[in-house]
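Remember, predicted model here, so these are calculated numbers, not experimental data. Order of listing sets the numbers, starting from 1, for every ligand and every atom in it. Note that these values count all heavy atoms, side chains included, but never hydrogens, waters or copies made by symmetry.
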Amino acid sequence: MKNSKLLKVLSVAGMGILSVGMLAGCGGGQSANQAVAGEEAVASETPAASETPATSEGIEATETPASDNVIVMGTNAEFEPFEYRENGMDIVGFDVEIAEKIAEHLGKELVIEDMAFDTLIMALNSDKIDFIAAGMTATDERRTQVDFSEAYFQSQQMIIVKADNTSISTADDLVGKNVGVQLGTTGDLFVSGTEGIASVAQFPTGTQAVMDLKNGKLDAVVIDAEPAKKMTEGQSDLKLLEAPFVEEEYAIAIKKGDEELLTAINETLEEIKANGTYDEIYAKYFGTAE
Ligand code: ARG
């Protein structure tokens, strides 16, 4: 992973061609939605453009992850309680604390790059980041592009509707409805892949989807359980449906074949689960330890 500059340049040159195809694959024609959270969403024009230091808004971001004493986590800090900006500033959350432990295990300093969720895998595969910790569900489809650590969190998809909504109570009721999702997430894949949904609105962040729900532009938002709880907390005009669907597991994504980092991450997860650290972090963000 800590490859030489030369190797990096070579792999980036290859990406120029690759990224166009990958983009088409993950953008789903919604490229307008991608001009969001930091990062030049794609840099697909020329291979040279990809090599230009990212003008990321990630607060702790450095130009490249090239240095040997740092390890770069890629995330999308729009996903409380897993990763979010505290007072709009520092990126904190459950995933950040897990990542801190990984960095500690490696004896490196953690650097965080914040970017649009649907650009994370591309950033990983073009060496802009070393791993993804973003509440990312380990799906078979993603396994064709990245390797995943052991799972570190169980999750589900949930549905948010307006408090006065009476027509939606399960995922089946989404048929014929206007549904909002965060672009490129498993919620997006589920809704986009469901026959009969009237329209799927793909947003850069889940928060924006919930705004449109509040404004009456959408009938429902499909998003992961814990962020859904955060987004509806204290919102009397919103209701989180009790019926979770699609069980998922979050895992850390690393570049395919990066055995050394994979081992280090799995060792860290094992270690913190065994020594109580995981439970402590869990309790901090979710109240009681499982
Ligand atoms: N678990 C879902 C997925 O993997 C959503 C993750 C969104 N994460 C984020 N940091 N915005 O697609």
Checklist entry - Taking atom types as modelled, is there a side-chain donor on Gln202 or Asp118 under 3.5 Å from an acceptor on the other? => result no
Checklist entry - Between the side chains of Asp95 and Tyr250, is a donor N or O closer than 3.5 angstrom to an acceptor N or O? => result no
Would you mind checking which non-hydrogen protein atom is closest to [atom], with the distance to 0.1 Å?
atom                    : answer
atom 6 (C) of ligand 1  : Gly135 O, 3.3 Å
atom 10 (N) of ligand 1 : Asn76 O, 2.9 Å
atom 5 (C) of ligand 1  : Asp224 OD1, 3.4 Å
atom 8 (N) of ligand 1  : Ala134 O, 2.8 Å

Give the atom numbers and elements of ligand 1 that come within less than 4.0 Å of a heavy atom of [X].
X      : answer
Phe79  : 5 (C), 6 (C), 7 (C), 8 (N), 9 (C), 10 (N), 11 (N)
Thr186 : 1 (N), 2 (C), 3 (C), 12 (O)
Met136 : 4 (O)
Glu83  : 10 (N)

Checklist entry - Do the side chain of Asn125 and the main chain of Gln145 share a donor and acceptor less than 3.5 angstrom apart? => result yes
Item to check | Side-chain donor or acceptor of Lys239 paired with backbone N/O of Asn165 under 3.5 Å | outcome: yes
Item to check | salt bridge (Lys or Arg N to Asp or Glu O under 4.0 Å) partners of Asp147, counting only residues at least two apart | outcome: Lys256
Checklist entry - Is it true that Tyr84 and Phe94 have ring centroids separated by less than 6.0 Å? => result no
Checklist entry - Is the distance between the ring centroids of Phe82 and Phe286 under 6.0 Å? => result yes
Checklist entry - Which is closest to atom 4 (O) of ligand 1 by heavy-atom distance: Gln182, Gln156, Arg142, Glu248? => result Arg142
Checklist entry - Under 3.5 Å between some N or O of ligand 1 and some N or O of Thr137? => result yes
Next on the checklist: Heavy-atom distances under 4.0 Å decide this one: backbone, side chain, both or neither, for Tyr250 against ligand 1?
Outcome noted: side chain
Checklist entry - Can we say Glu270 and Lys273 salt-bridge, meaning some charged N sits less than 4.0 Å from an Asp/Glu carboxylate O? => result no
